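Note that the structure is predicted; figures quoted are calculated from it, not measured.
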Amino acid sequence: RHLLGNHLLKELCSLCVASRIHGSPSSTGHLLGALAGQVEEALAILVVGLFSAVCTEAVISLVTRQKLKVLDGHSALLGVILALMLPPGTPLWIVLIAGMLCVALGKMVFGNAWNYPFHPALVALVLVQMSWPAETNVFYKPLPMLGDAVADTGATWEEAADPIAAAKVLPKLAQRANVTELVWGDHPGGIGMTSVVAIILGGLLLIGLRVVPWKIPIGFIGGALSSA
C-alpha cells in the first residue's frame, strides 16, 4: 500500500500541474459525476483503461526483456487516471487504444516510470481527441442547467460540450448556472472531473490515509487562487 500510495501521490501531483497548463480541470476526481445514470458505461471505461495500460506494459517489458514491474501498480494507476478523464460515452475501443498510447508513448518510450516529460494520461488524451474528436466528445445529457442556455443559442447540448462550440454557449451558461448543480457535477465533463463534492471527499480520504500530505493540495489551491 505504501508503494502504491507513493505512485498515487506523484501521479496526482504531476497531473495537477500538467492539467493547469493543458487547460483541463486542475484535479482528478471520482466516479460520482458519471454514476448518476451511466454506471455500467463508467465502470466499463475504468476496467478497459486499467486492463489496457497494465497489459501494454507487460507486453513491452517482455518484448524488450525488461524486468516486469506491473505489480507495482503504476500502469494500473495511469489507466484509472486516464479513464477518469474520458467522457462517459467514449467507445471502449478508443479507451483500449488510449490505454496503450498512455503506457507505450507516454511512459515506456522514455524508459519506464518517472522519466517522462509529459504526463502519460494527458499524452493519450490529446492523441485520441485529435484522432477521433467526434467519438471522444460523447457526453450524456446533464440535468436542466445546460438546457436553457443552449436553447437561447440554437445549439444542442452535445455542441455545448465540445470545446470550440462551448465558447458561444458558456457565457450564457455562466449567467444561468446553479451553484448546487455545479458542485454536484451536473454538467458535461470527464467521468471523474465534474463533481466537486466527490473530488473533495476523495482528497480528504487521501489526506486521512496519509497518502497525500495536506500541504500539497492546500499549496496548489492557494497558488491557483492567487493567480486567478
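- Nearest approach of Ile45 to Thr90, heavy atoms of both residues: CD1-O, 3.9 Å.
- Contact detail for Gly106 and Pro120: the closest heavy-atom pair is O-CG, 3.5 Å.
- Leu86 contributes atom CG, which lies 9.5 Å from atom CE of Met193 (distance to the nearest 0.5 angstrom).
- Every side-chain contact (heavy atoms from CB on, under 4.5 Å) that Val128 has, sequence neighbours left out, goes to Ile94, Ala98, Leu101, Trp132, Thr136.
- In this structure, Leu209 CG and Leu205 CG are separated by 4.5 Å, a value rounded to the nearest 0.5 Å.
- With sequence neighbours excluded, no residue forms a side-chain hydrogen bond (donor to acceptor under 3.5 Å, both in side chains) with Glu135.
- Atom CG of Leu50 is separated from atom CG of Leu77 by 9.0 Å, given to the nearest 0.5 angstrom.
- Atoms NE2 and CG, from His74 and Asp72 in turn, are 7.5 Å apart once rounded to the nearest 0.5 Å.
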- Task: Apply side chain to side chain contact (heavy atoms under 4.5 Å, CB included) to Leu122 and Met85, showing your working.
- Result: CA-CA 9 Å; Leu122 289 177; Met85 297 173 68; 3.0 Å; yes
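- Summarising the geometry, atom CG belonging to Leu84 is positioned 10.5 Å from atom OG1 belonging to Thr194; distances are rounded to the nearest 0.5 Å.
- Closest of all the heavy-atom pairs between Leu68 and Ser61 is CD1-CB, 3.8 Å.
- Between the side chain of Ser52 and the main chain of Gly49, no donor-acceptor pair closer than 3.5 Å is present.
- Clustering ILVMFWY residues whenever any of their side-chain heavy atoms sit less than 4.5 angstrom apart, transitively, puts Ile191 in the very cluster that holds Val80.
- Linking Ile, Leu, Val, Met, Phe, Trp and Tyr whenever their side-chain heavy atoms come within less than 4.5 Å puts Trp93 and Leu127 in one cluster.
- Residues Val212 and Pro217 form a side-chain contact, since some pair of their non-hydrogen atoms from C-beta on lies under 4.5 Å apart.
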- Task: Apply side chain to side chain contact (heavy atoms under 4.5 Å, CB included) to Leu78 and His119, showing your working.
- Result: CA-CA 9 Å; Leu78 290 178; His119 197 283; 3.9 Å; yes
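- In the hydrophobic clustering of ILVMFWY residues, with side-chain heavy atoms under 4.5 Å counting as a link, Val47 and Leu92 come out apart.
- Taking every heavy atom of both residues into account, Phe110 and Leu105 meet most closely at CE1-O, 3.5 Å.
- In the hydrophobic cluster analysis, where Ile, Leu, Val, Met, Phe, Trp and Tyr join through side-chain heavy atoms closer than 4.5 angstrom, Leu46 is grouped together with Val70.
- Rounded to the nearest 0.5 Å, atoms CG (Leu125) and CD1 (Ile81) are 12.5 Å apart.
- Trp214 pairs by the ring-ring contact (aromatic ring centres under 6.0 Å, His included) definition with nothing, not counting sequence neighbours.
- Closest approach of Cys102 and Leu82 over heavy atoms only: CB-CD2, 4.0 Å.
- A continuous path of Ile, Leu, Val, Met, Phe, Trp and Tyr side chains, each step under 4.5 Å between heavy atoms, connects Val109 with Tyr116, placing both in one hydrophobic cluster.
- In the displayed structure, Met100 atom CE is contacted under 6.0 Å by at most 12 heavy atoms of other residues, nucleotides or ligands.
- Minimum heavy-atom separation, Val48 to Leu96: CG1-N, 3.8 Å.
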